[in-house]
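To start, the structure under review is shown below, and the notes come after it.
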Protein chains: 2
Amino acid sequence: MDTIADTSRTDKRGRDTRSAIRKQALALFAERGYGAVSMRDIAEAAGIRQGAIYNHFAGKQDLLADLMISHLDRLLAALVRAVPAGGDPMRRLEAFASFHVGYHLDQPDDVVIADMELRSLEAGRRGAEVHALRDRYAGVLATILEDGRRTGRFQTPNAKVQAGALIAMMTGITVWSRDGAALTREAVTAHYVQMVMQSVGLIWPLGEEAGCSTAQ
Amino acid sequence: MDTIADTSRTDKRGRDTRSAIRKQALALFAERGYGAVSMRDIAEAAGIRQGAIYNHFAGKQDLLADLMISHLDRLLAALVRAVPAGGDPMRRLEAFASFHVGYHLDQPDDVVIADMELRSLEAGRRGAEVHALRDRYAGVLATILEDGRRTGRFQTPNAKVQAGALIAMMTGITVWSRDGAALTREAVTAHYVQMVMQSVGLIWPLGEEAGCSTAQ
DNA sequence: TCGTTATGAACGGTCGTTCATTCATCTATG
DNA sequence: CATAGATGAATGAACGACCGTTCATAACGA
């Protein structure tokens, strides 16, 4: 009832209307924010008229929820592929940080919606699903931190708090990455990975004879 | 022309209408977001009718800009009071982190507006002013980091990048601080300070004989 | 009285959504 | 193959609601 049938077929002109709506809505929501985008704007960007959207989505809220959930599904699937489930916490933390930064540099629109428009998503079944997916993502990082803390390798005060803090730090990339032309993708990733690793008390980069002096 | 005369006088019932509007608008914007709050909502919360708001503010945009700028003014003034302008970068960094976390725990509504509603603020004189104030704040932290890096005490890849990252990290508090009942204010602050200090490569807390082993 | 503030109706717009209708395409039948 | 019905998508006008803002008017403190 929430969503129209999920089959995305192509119409006579070879366009996939449903995908076009999603694509344009994503770009517009990310650029102006949910509240500042009208269904007419989305329709125009997608090359159709206002009424046609309702053949594919139950409404504006359904469209937003669809974008968020599909983004989070893809994000979690990619995370599982990029970060080993077990093993050395240090390597897993590095993999997580590297993955998160890379994903945010590649898909800034998806990410900014899922982060900034949570308030625009009305409570309900879909809202709860979105929050559950977000919690699952943060939970992966919290588990890594907790494993590292338990084995004495990480200097972390509280795994859950730090997971939230590190995700906030790395997600902030989307705020200033517009003018990040001065830094290459590799440099940005390396900087963030270094900060994350150091934030749990590790010496980073590995192999560097960083002074251990507690000189004040 | 932007704002009505700044004199905030009390009306016959002893209330300060202008302050009431600001207070209620702040709470509503923070709770629902700028776009989801109407001038009628604000008027009702402030105990007046819709038209009366325009005796005190030129419009909805002017109201938002006023809230942001006044918040940033207070934030910067408090920052200058809390963080020494010169001296040991390590102490200044600790002071900055402690101040920032404390302020965000105390004034979550002001902070969430200045961070999340930047998109809702239309460009122009006021918008530029807001951005300038935000840059000034981040600049204070960047200077501390740069001083620490230059004197070899901080292990930081790029002061400007790290300043943005640390501010994003510490500002994320407002996202989850709703359910932070499990942690005291002091504990949260200590955790964040520790993460910040460690993120620049320092051993923290001070005086702890944390292992310096680069064991992998 | 004078200046400031509050009122509440009104204005022009825009919003999300609905709906009768048209149309192109697919499928089943002869 | 030809035809008729079924299906789903696109249209564009319309609806009621709400938006930010204006303004003539009234009330009230100094």
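Residue numbers start from 1 in every chain, and the chains themselves are labelled A, B, ... in the order their sequence lines are given, proteins ahead of strands.
- Atom C1' of nucleotide dG29(D) and atom CG of Asp16(B) are separated by 16 Å, given to the nearest angstrom.
- Residues passing the side-chain hydrogen bond (donor to acceptor under 3.5 Å, both in side chains) test with Arg49(A): none are found, sequence neighbours excluded.
- Listed by chain and residue number, Val83(B), Pro84(B) satisfy the side chain to side chain contact (heavy atoms under 4.5 Å, CB included) test with Ala95(B) (two or more places apart in sequence, or in another chain).
- Arg49(A) places its CZ atom 18 Å from the C1' atom of dC19(C), with the value rounded to the nearest Å.
- Here the P atom of nucleotide dC15(C) and the CD atom of Gln50(A) are 10 Å apart, to the nearest Å.
- Take Arg32(B) and apply the salt bridge (Lys or Arg N to Asp or Glu O under 4.0 Å) test, not counting sequence neighbours, and it matches Asp41(B).
- The interatomic distance linking Arg18(A) (CZ) with dA10(D) (C1') rounds to 17 Å, in whole Å.
- Atom CG in Asn55(A) sits roughly 17 Å away from atom P in dT21(C) (whole-Å rounding).
- When every heavy atom of Tyr34(A) is checked against every heavy atom of Lys60(A), the shortest pair comes out as O-NZ, 3.1 Å.
- Take Glu94(A) and apply the salt bridge (Lys or Arg N to Asp or Glu O under 4.0 Å) test, not counting sequence neighbours, and it matches no residue.
- Regarding contacts with the backbone of dA10(D), a side-chain N or O of His56(A) is found under 4.0 angstrom from either OP1 or OP2.
- Listed by residue number, Val37(A), Ser38(A), Met39(A), Arg40(A) are the residues of residues 26-44 of chain A with a heavy-atom contact under 4.0 Å to DNA chain C.
- When the nucleotides dA10(D), dT7(C), dA14(D) are ranked by their closest atom to the side chain of Thr17(A), dA10(D) comes out on top.
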Taking only nitrogen or oxygen atoms into account, show me every contact under 3.5 Å that the protein makes with nucleotides 23-27 of chain D, one pair per line with its distance.
none

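- Checked against side chain to side chain contact (heavy atoms under 4.5 Å, CB included), Thr171(B) has the following partners two or more places apart in sequence or in another chain: His100(B), His104(B), Val111(B), Asp115(B), Ile167(B).
- Within the structure, the ring pair (Phe, Tyr, Trp, His ring centres under 6.0 Å) test picks out the following pairs touching residues 68-98 of chain A (sequence neighbours left out): Phe96(A)-Tyr137(A).
- Taking atom CD on Gln61(A) and atom P on dC15(C), their separation rounds to 16 Å, with Å as the unit.
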Next on the checklist: Using side-chain contact (heavy atoms from CB on, under 4.5 Å), reason through Val130(B) and Arg126(B) one step at a time and then give a plain yes or no.
Outcome noted: CA-CA 6 Å; Val130(B) 168; Arg126(B) 317 293 294 273; 5.6 Å; no

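- In this structure, the CD1 atom of Ile48(A) is 11 Å from the P atom of dA9(D), given to the nearest Å.
- Rounded to whole Å, the distance from NZ on Lys60(B) to C1' on dC19(D) is 8 Å.
- In this view, Arg119(B) and Glu117(A) satisfy the salt bridge (Lys or Arg N to Asp or Glu O under 4.0 Å) rule, not counting sequence neighbours.
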